[in-house]
Amino acid sequence: MQTSQIRSSFLEFFQSQDHRLLPSASLIPQDPTLLLTVAGMVPFKPYFLGEADPPAKRIATVQKVARTVDIDNVGRTTRHLTFFEMLGNFSFGDYFKREAIRWAWQLSTTPADEGGWGFDPDRLWATVYTDDDEAEQLWLDETDIPASRIQRRDANDNYWSTGGSGPCGPCSEIFYDRGPEHGPDGGPIVDESRFLEFWNLVFMQFETAGNGDPKLKGSDDIVGTLPAQNVDTGSGLERVAMLLQDVPTVFDTDVFRPMIDRAVDLSGVAYTGTFSAAHVADEDPDPADDTTDTWLRVIGEHARSTAFLISDGVLPSNEGRGYILRRLIRRAVLSARKLGTDQRIMTPMMESVIETLGDAWGDLKTQGNLITKVAQAEEDAFSRTLSTGLVMLDEAVQATTAGGGTALDPEAAFTLHDTYGFPVDLTVEIAREKGVTLDRDAFAEHMEAQRQRARAATKSDRQAASTDVYKEAFQAAGTTTFTGYSRERDESSVAALIHDGAIAERVQEGQNVQVVLPRTPFYAEGGGQLGDHGTIATPTGRIQVTDTTAPADGLIVHHGTVVAGEVASGTDAELVVDHARRASIRRGHTATHILHATLKEMVGDHAAQAGSAIDAGHFRFDFPHFESISRDQLGELEGLVNDRIADNPEVVTREMDQQAAREAGATALFGEKYGDTVRVVTIEDYSMELCGGTHVGSTGEVGLFTVLSEGSIANNVRRIEAVTGPEAFGHLAKERLIAEQVAQILKVPTAEAPARVEELLGRVRDIEKQLARARQDAVLAQADVLAESARVIGDAKVVAGVVDGADHDALRALALDLRNRIGRGAVILGTAKADGKAQMLAALSADLVEAGTNAADVLRPGATVVGGGAGGKGDVAQAGGKDGGKIAEAVRVAADEAAARLA
Ligand code: SER
């Protein structure tokens with residue numbers, strides 16, 4: 001049965017049981033506690049927990065799933081995968097164990113021509129959780145399975161949760177007996193390779209805190225009972241396909257084999273379909289037992305997960321899901337290198353995945369370009385890492401063996417790993433080939449020390465913040481109330497002053513100061529927006545504020561200098577924000593939101609904000625993207641953003657609770673922390689962001705937006721720098737002035753200037769060519785004079801001379817011409833070049849060469865004079881030297897040498 005038929009029979013079956021069919025959710029879960037969608041139920045967690053109402057009480061899906069806990073097993077076992085499709089039916093407080101069991105059995109055993117999967121019922125086994133008598137009884141009541149093929153298993157096997165916090169429950173699994181050739185009798189509790197699990201029915205009833213190893217989850221970890229009894233089932237499509245297609249492994253199914261075949265084509269290494277016996281027997285496989293088959297399978301498998309992750313918006317990086325993706329790509333590339341190929345594999349592998357799965361998963365096709373480009377760029381970057389690493393490793397290995405040692409310096413291995421991203425497994429492998437070993441424990445110590453250092457660094461930063469003067473200032477002032485959303489002036493009182501890092505009662509004119517007050521209209525740097533500037537006036541003095549920060553939650557600090565009088569703690573203060581600067585920042589901040597939304601619409605959802613800095617006058621905006629934005633695209637982007645500015649909708653800011661904001665679809669910016677109540681900034685229906693910054697009232701106030709530059713700041717990360725409002729006008733006005741000046745000089749209207757410049761440049765190129773030709777002619781014209789001045793030695797002649805303004809070609813042409821004219825003899829020419837260096841050339845007649853005289857030998861004494869050496873073979877030789885001033889003498893010396901040899 002083709003995989004497409006397995007998918008459709010599953011969905012049709014559950015649709016006929018009144019299930020609503022929903023499309024797969026993204027591999028990037030909404031749920032912040034999970035890195036990836038690790039099960040079909042992930043998108044439905046809020047429904048199980050009673051936090052939201054499901055759109056239907058019965059749902060069925062084919063969900064994209066990524067799991068990397070078993071990544072090291074991939075390729076080494078017949079069944080482990082990092083990406084698979086999960087068929088699942090779900091009940092939210094509707095049916096429970098009875099129907100879940102009945103329907104799973106029914107679909108599994110109904111013959112294929114009647115819409116089922118056609119498994120032989122005599123080969124099916126079931127397991128239930130230790131004390132789940134009810135489930136066992138239901139298997140007996142609802143199906144034909146005999147009690148002898150129902151087994152009980154503990155929480156290690158028959159209790160399910162995502163591994164994080166959330167719903168959980170006991171489960172019941174269905175297994176297929178692949179026959180005695182695959183292992184011993186005795187059912188799933190004896191052998192999970194012969195008895196292959198293909199459907200897991202989870203009876204979701206409890207809530208877990210998720211504090212331990214997901215596989216060891218048991219009733220101990222349960223912190224509550226769910227509002228209803230639910231069902232979550234999951235059946236791995238690739239496994240069902242393997243069984244129904246009667247192929248030995250998931251890698252032989254129709255959704256897999258094409259990728260393995262492509263890897264075979266690329267590497268030229270045949271696939272035998274065998275598994276290392278040591279791996280099959282071992283749950284903790286040793287890389288030493290890997291075979292070429294293992295690597296082919298890794299390439300094929302990781303290609304699938306790579307394509308799906310990128311199509312859902314994951315990009316390679318050093319953390320989180322980006323790191324998972326990077327690891328997958330690197331493992332695939334390393335496997336290819338181990339197979340002995342240096343070919344780039346990612347583009348063809350991605351194409352293979354798109355061809356094979358693009359009909360079922362349309363996103364693969366629409367995002368095809370992104371997928372191949374990102375994967376290929378990552379492979380290329382990694383290949384460079386590998387080359388650098390290999391050279392360094394080679395040096396380290398040589399240093400070891402040169403000293404007679406056999407143990408690699410663990411620090412070298414650590415540096416390779418830590419600084420260059422060079423995989424330690426590879427280090428071990430390559431070193432081993434040279435008879436050098438790595439002490440893995442010592443290496444692990446370096447890793448641990450590094451972790452400690454990282455931890456200590458974050459801790460000491462935090463400690464500093466909490467122990468230093470800010471703590472005292474905070475105690476004096478309490479939480480600072482920020483009033484700057486609605487005003488730029490406010491009154492308050494000086495709660496604490498800091499001078500030179502210590503609390504001060506008074507600070508004098510000319511001294512630096514930090515001020516803390518109970519309330520302030522000054523915005524503290526955050527969310528990409530820089531801190532406000534302005535003045536703080538007290539009855540006795542005035543402070544010029546040049547920065548505002550929030551060193552701790554709830555504490556706003558104004559940094560500046562006392563510019564008049566002195567200021568004292570406890571006095572009244574009038575705070576005035578620099579209006580022009582704030583206005584400019586406001587324009588910039590609203591513009592970044594418009595830019596963010598517009599950019600995503602233009603190049604794709606992956607172009608999410610990765611950082612920004614909004615200063616007065618200009619801002620920068622960073623985003624992940626795999627190629628540059630073309631000049632045309634930039635022009636289009638500017639146009640669209642300016643249209644949205646001119647449309648002038650209101651910029652609406654609202655406070656709401658975090659959950660409501662997420663549900664409304666607000667962009668939660670990764671890595672930023674938000675309290676329970678969040679501020680949401682909305683512009684029409686195209687932009688909704690969680691944002692604490694200050695904005696204009698309606699977009700028209702931004703006035704004008706123009707891009708200053710676009711470029712790359714890191715692998716796959718681009719930066720746009722832009723200006724808004726009067727600054728944008730100023731920028732464009734300056735450019736216009738330049739254009740006008742150019743047009744004036746050219747004496748054409750501005751619009752014609754580019755064509756005119758093109759034309760002029762063309763003429764300059766022509767003139768340069770003519771000039772070069774004229775120079776050469778002038779050089780050649782000296783032939784007559786030189787030929788007449790030849791020294792005659794018997795039947796031979798020596799022509800020698802210094803030719804001004806000759807380049808190498810001209811000099812050579814002249815020398816050959818002269819040689820023709822003299823018949824027998826030697827020609828020696830030289831020139832002093834524009835850069836002050838000397839150039840010489842010697843050409844001998846053929847008979848001299850035959851008689852054993854070499855042109856380079858003739859030239860050499862002369863070359864020595866200008867500080868150079870002679871080279872060339874046979875009848876023509878050339879020489880260069882640094883001392884152009886001595887060229888005349890050099891030519892004479894060489895000519896004398898020629899004469900001496902002729903005499
Ligand atoms: N959540 C369970 C699993 O992933 C059943 O869908 O196995």
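Numbering of ligands and ligand atoms starts at 1, following listing order.
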Within the 4.0 Å heavy-atom cut-off around ligand 1, the contacting residues, ordered by chain and number, are A39, M41, R67, M86, W160, N200, V202, D232, T233, G234
Tell me yes or no: between the side chains of S24 and Q63, is some donor less than 3.5 Å from an acceptor?
-> yes
Taken in chain and number order and not counting sequence neighbours, the residues that satisfy side chain to side chain donor-acceptor pair (under 3.5 Å) with R152 are D133, E136
For a quick check under 3.5 Å, do T225 and Q205 share a side-chain donor-acceptor pair by atom type?
no
Taking 4.0 angstrom as the limit, do E51 and K45 come out as a salt bridge? no
Sorted by chain and number, sequence neighbours left out, side-chain contact (heavy atoms from CB on, under 4.5 Å) with D94 holds for K57, R58, S91
Sorted by chain and number, sequence neighbours left out, salt bridge (Lys or Arg N to Asp or Glu O under 4.0 Å) with R67 holds for none
